[in-house]
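What follows is one structure encoded as structure tokens, with my remarks underneath.
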Amino acid sequence: MIDPETQAGWVPEAEEVDEEEEMPLSLRLSIADTLTLGNATCGFMAVYFTTTGILIPHLTGSQESGMARHSAATAVILMLCAAVFDLFDGLVARKLRSSPMGAELDNLSDLISFGLAPAYFVLVYGMVADDAHQRMAALGAIVVLLAVVLRLARFSCVTPTNGMFQGMPSPFGALTVVSIVLLELPFVATLLAILGTAWLMVSRVEYPKPRGRLAGAMLSWIVLSMGLLAAWAFDAPSGQLLLQTGCALQLVMGAVIPLFATARRVNNFRDNRREARAAQS
């Protein structure tokens, strides 16, 4: 509307914005939000170490394989740290309060740590591995990134039921992808396994939420994985074998955990049918 005296636009009093209410207390960062930002930081640093310790030495012709091994281990350990932050920010948010930004921050941080970081890891693998095909590896990296994007978008729209996720959770998927790369399988097998993991992330296959004992088991597995990576990075005796064993176990868990969830769902269905028949008789 136009003020007839000043010929200037004016806003009705009811629509005026109170400067003191531009940043209400509810939008300030909580403790859970701070942990979520730690998740994003770890993901970004994983990309940094992958670039400076693996990609750049390869492009410049450096033959320091030990440096590449240390950097690869550091990048994966940072992704594991991001998974720890992701695990604890949810626990803290349930115990304490979380700001309305919490869910959005969580999705954005997960996209960096469990979408961009592992996809970039796959991309660099395609550039430095002897038997890899760079363009096909780039395609696999894009599929991983898009799978995480779609999974996070679906998670924002669908409320999980019965304590179950639909599709492999993005932190578990990211760790599975980097485990496939670290196994050093033939390129075709590596690419197919990566594409299979991306499919699991966007599938309807159910995975349990990490709560209670399962959260403790997941945390223990992350700590053990960090130890295996450190042993491999410092070239400890049998470090390579230990790392490959841990990576293989990660893949096995990714395939077996949904079977337990499916078996529990079938048993619950059978129990419900028995109760319904008993009620009718």
Side-chain angles (χ1 to χ4, degrees), residues 27 29-30 32-48 50 75-76 78-94 98-123 138-181 193-211 214-215 218-219 222 250 253-254 257-258 261:
L27 294 183
L29 292 178
S30 65
D33 297 333
T34 305
L35 294 174
T36 303
L37 294 178
N39 171 6
T41 302
C42 288
F44 175 78
M45 293 305 296
V47 173
Y48 169 80
T50 303
V76 179
L78 283 166
M79 292 185 214
L80 289 167
C81 290
V84 173
F85 279 118
D86 185 63
L87 178 64
F88 277 101
D89 68 1
L91 295 175
V92 172
R94 285 191 291 272
S98 178
S99 73
M101 296 188 296
E104 300 300 330
L105 286 175
D106 190 60
N107 279 346
L108 293 172
S109 298
D110 286 355
L111 180 58
I112 296 171
S113 299
F114 311 126
L116 175 61
Y120 186 71
F121 198 81
V122 172
L123 179 65
L139 176 62
I142 292 172
V143 171
V144 170
L145 180 62
L146 294 181
V148 175
V149 171
L150 291 172
R151 165 160 184 78
L152 293 174
R154 187 177 70 183
F155 180 74
S156 298
C157 301
V158 178
T159 302
T161 57
N162 301 323
M164 306 295 290
F165 287 122
Q166 282 193 345
M168 180 183 287
S170 51
F172 198 90
L175 299 181
T176 303
V177 167
V178 297
S179 296
I180 293 168
V181 174
I194 289 172
L195 295 178
T197 303
W199 175 81
L200 281 174
M201 283 193 280
V202 297
S203 70
R204 301 282 181 180
V205 177
E206 292 186 335
Y207 284 78
K209 279 188 174 184
R211 292 182 177 177
L214 185 58
M218 181 178 176
L219 182 60
I222 290 174
Q250 176 73 27
M253 287 192 298
I257 288 177

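Hydrogens, waters and symmetry mates play no part in the numbers below; they use all other heavy atoms, side chains included.
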Only one of Thr36, Leu105, Asp86, Leu116 passes side chain to side chain contact (heavy atoms under 4.5 Å, CB included) with Asp110, and that residue is Asp86

Hey, does [Y] have a side-chain heavy atom less than 4.5 Å from the side chain of [X]?
X: Phe88; Y: Leu219; answer: yes
X: Tyr120; Y: Leu145; answer: no
X: Leu87; Y: Pro210; answer: yes
X: Met168; Y: Val205; answer: no
X: Phe121; Y: Val177; answer: no
X: Ile142; Y: Leu146; answer: yes
X: Ile257; Y: Phe172; answer: yes
X: Val178; Y: Met79; answer: yes

For Phe165, is the NZ or CZ atom of Arg151 found under 6.0 angstrom from the centre of its six-membered ring and inside 45 degrees of the ring axis? yes

Are any side-chain N or O atoms of Tyr207 and backbone N or O atoms of Gly254, one a donor and one an acceptor, separated by less than 3.5 Å? yes

Verify, without hydrogens or angle tests, whether Arg204 (side chain) and Gly167 (backbone) share a donor-acceptor contact under 3.5 angstrom. no

For the student: nearest non-hydrogen atoms of Ala117 and Gly43, plus distance: CB-O, 3.9 Å

For the student: nearest non-hydrogen atoms of Ala198 and Val143, plus distance: CB-CG1, 3.7 Å

Is a side-chain donor-acceptor pair under 3.5 Å present for Asn39 with Asp89? no

